[in-house]
Amino acid sequence: MPVSTSQEIQGNPAGPGGRGSAGKGAGGGRGAGLGLALVSAFAFGGSGVAAKPLIEAGLDPLHVVWLRIAGAALVMLPLAWRHRALVVNRPALLAGFGLLAVAGVQTCYFVAISRIPVGVALLIEYLGPAIVLGWIRFVQRRPVTRAAAIGVVLAVAGLACVVEVWAGMRFDVLGVLLALGAAVCQAGYFILGDHGSDAGAEAPNPLGVIAYGLLIGAVVLTVVARPWTMDWSVLTGRADMDGTSVPGLLLLGWIVLIATVLAYGSGVLSVRRLSPQVAGVVAFLEAVVATVLAWIMLGEHLAAPQLIGGAMVLAGAFIAQSSRPAKGGPDPVAGGMPDRDGELSTSRTSA
């Protein structure tokens, strides 16, 4: 889930990580940015595939979430120390990021995949941009475009196909609700993306926000997950991945280093080198990657209506996210991608 900094959301080239000409030159250009965006999408897309075998081997989903977040927080600890001024300057942003974008979305997603297929859970989570537009329209009472509304309708219709509502909800209802909870937390992250957007060069450093978000998430999850009750022997043993025995520590290493640290870091750097619109489009590959990997590595086959529904969810979420602000609004509408005039973007955040 690539992360938009406040400068990037506003299209502001000033400040650290801005997308001005100097930043692009230093970053190695759009080719490097596209490569990083692809790395981020593939890294995030593989998190559920690595986590589910550990859950099926006996680890509680909350324990897997705790291991992922706590491990990544330890890796990012030096960055947290480097940007320690954020604790004083942006406490609300750090708390919101830690509770929603880290603890909330990861907990809901990981518990959901313990009850429903990985691909289905991630496709449902992609309703996040639609929820953002609902917040803007009905809570903030700001206009949204017709294209955005069409995108929401398309995504909801696709969701109905994914969960096969005509068959009386074949999927576990609680699992679907938890996946929707992940979408709500994802939407909360998008909304938090506006925090500090008017600060210019004083905008919070994205890597610092990620580091503290992971630390806060780890503290919260320690209380909720109670890792001291974990069956640690699962990690030193082997887990089954559709008939293939895989070391538990290898799966954990993938979740922490690849699906969290590398995924977050490459996502941030890709947005710095590309326009958020391009990085956001590439990020939609995450759901495709997760579904394909779950099909190949976990044997989670989806029926044709579910595949069609998944495509509708992705298309609807993309339309909703990339639509331009409606005319007549006093401010840019969240959910729209920025253009050269500095419109607002909400790039993807995921499990």
Side-chain angles (χ1 to χ4, degrees), residues 1-4 27-54 64-65 67-69 71-72 75-76 101-102 105-106 109-110 112-113 117-126 128-129 179 182 186 189 206-207 210 214 241-242 244 246 250-302 307 310-311 313-315 317-318 321 347-351:
M1 50 184 181
V3 179
S4 294
R30 294 174 59 86
L34 180 58
L36 287 167
L38 288 170
V39 168
S40 180
F42 275 81
F44 272 119
S47 63
V49 173
K52 191 155 188 173
L54 291 175
V64 178
V65 178
L67 286 168
R68 176 185 188 180
I69 301 307
V75 175
M76 299 287 282
V102 175
V105 70
Q106 301 299 339
Y109 174 66
F110 273 45
I113 66 172
V118 171
V120 172
L122 194 55
L123 289 169
I124 294 174
E125 187 183 337
Y126 262 84
Q186 181 200 79
Y189 168 75
L207 292 177
I210 290 172
L214 290 169
M241 182 178 283
D242 195 29
T244 302
V246 181
L250 178 62
L251 294 173
L252 178 61
W254 178 278
I255 293 171
V256 171
L257 298 176
I258 305 300
T260 307
V261 176
L262 176 63
Y264 272 100
S266 58
V268 170
L269 294 176
S270 72
V271 177
R272 288 184 173 185
R273 288 161 173 78
L274 300 170
S275 69
Q277 182 173 4
V278 175
V281 170
V282 177
F284 277 93
L285 287 174
E286 179 186 338
V288 179
V289 170
T291 302
V292 172
L293 287 179
W295 193 318
I296 295 173
M297 303 179 71
L298 301 180
E300 293 184 350
H301 300 281
L302 301 182
L307 293 174
V313 170
L314 292 177
F318 172 73
Q321 188 180 18
S347 292
R348 162 82 170 89
T349 262
S350 170

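Residues M297 and D242 have side chains not in contact (no heavy-atom distance under 4.5 Å, counting atoms from C-beta outward). The shortest distance between side-chain heavy atoms of L298 and P53 falls below 4.5 Å. Using a 4.5 Å heavy-atom cutoff, the side chains of S47 and T260 are not in contact. In this structure the side chain of L257 never reaches within 4.5 angstrom of the side chain of L262, judged on heavy atoms.
The minimum heavy-atom distance between A121 and A112, with the atom names listed, is CB-CB, 4.3 Å. Closest approach of V105 and E125 over heavy atoms only: CG2-OE2, 3.5 Å. Scanning all heavy atoms of the two residues, the minimum distance from V64 to A51 falls at CG1-CB, 3.9 Å. Between V49 and A294, the shortest heavy-atom contact is CG2-N, 3.7 Å. Nearest heavy-atom pair, Y109 versus A182, reported as atom, atom and distance to 0.1 Å: N-CB, 4.0 Å. When all heavy atoms of V256 and A72 are compared, the pair lying nearest together is CG1-N, 3.6 Å.
No donor-acceptor pair closer than 3.5 Å links the side chain of Q106 to the backbone N or O of I69. Using a distance-only test at 3.5 Å, with no hydrogens or angles considered, a donor-acceptor pair links the side chain of K52 to the main chain of I113. When atom types are taken as modelled, the side chain of S40 and the backbone of L36 share no donor-acceptor pair closer than 3.5 angstrom.
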Handout entry: Pair W295-L307, side-chain contact (heavy atoms from CB on, under 4.5 Å): steps then yes or no
Key = CA-CA 12 Å; W295 193 318; L307 293 174; 3.9 Å; yes
Exercise for the section: Please assess M241 against L251 for the test side-chain contact (heavy atoms from CB on, under 4.5 Å), listing each intermediate value before the final yes or no. Expected result: CA-CA 10 Å; M241 182 178 283; L251 294 173; 3.7 Å; yes
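The distance from atom OG of S266 to atom CZ of F42, rounded to the nearest 0.5 Å, is 12.0 Å. Between F110 atom CZ and L67 atom CG the span is 10.0 Å, to the nearest 0.5 Å. For the atom pair CG of L250 and CG of L54, the computed distance is 9.5 Å after rounding to the nearest 0.5 Å.
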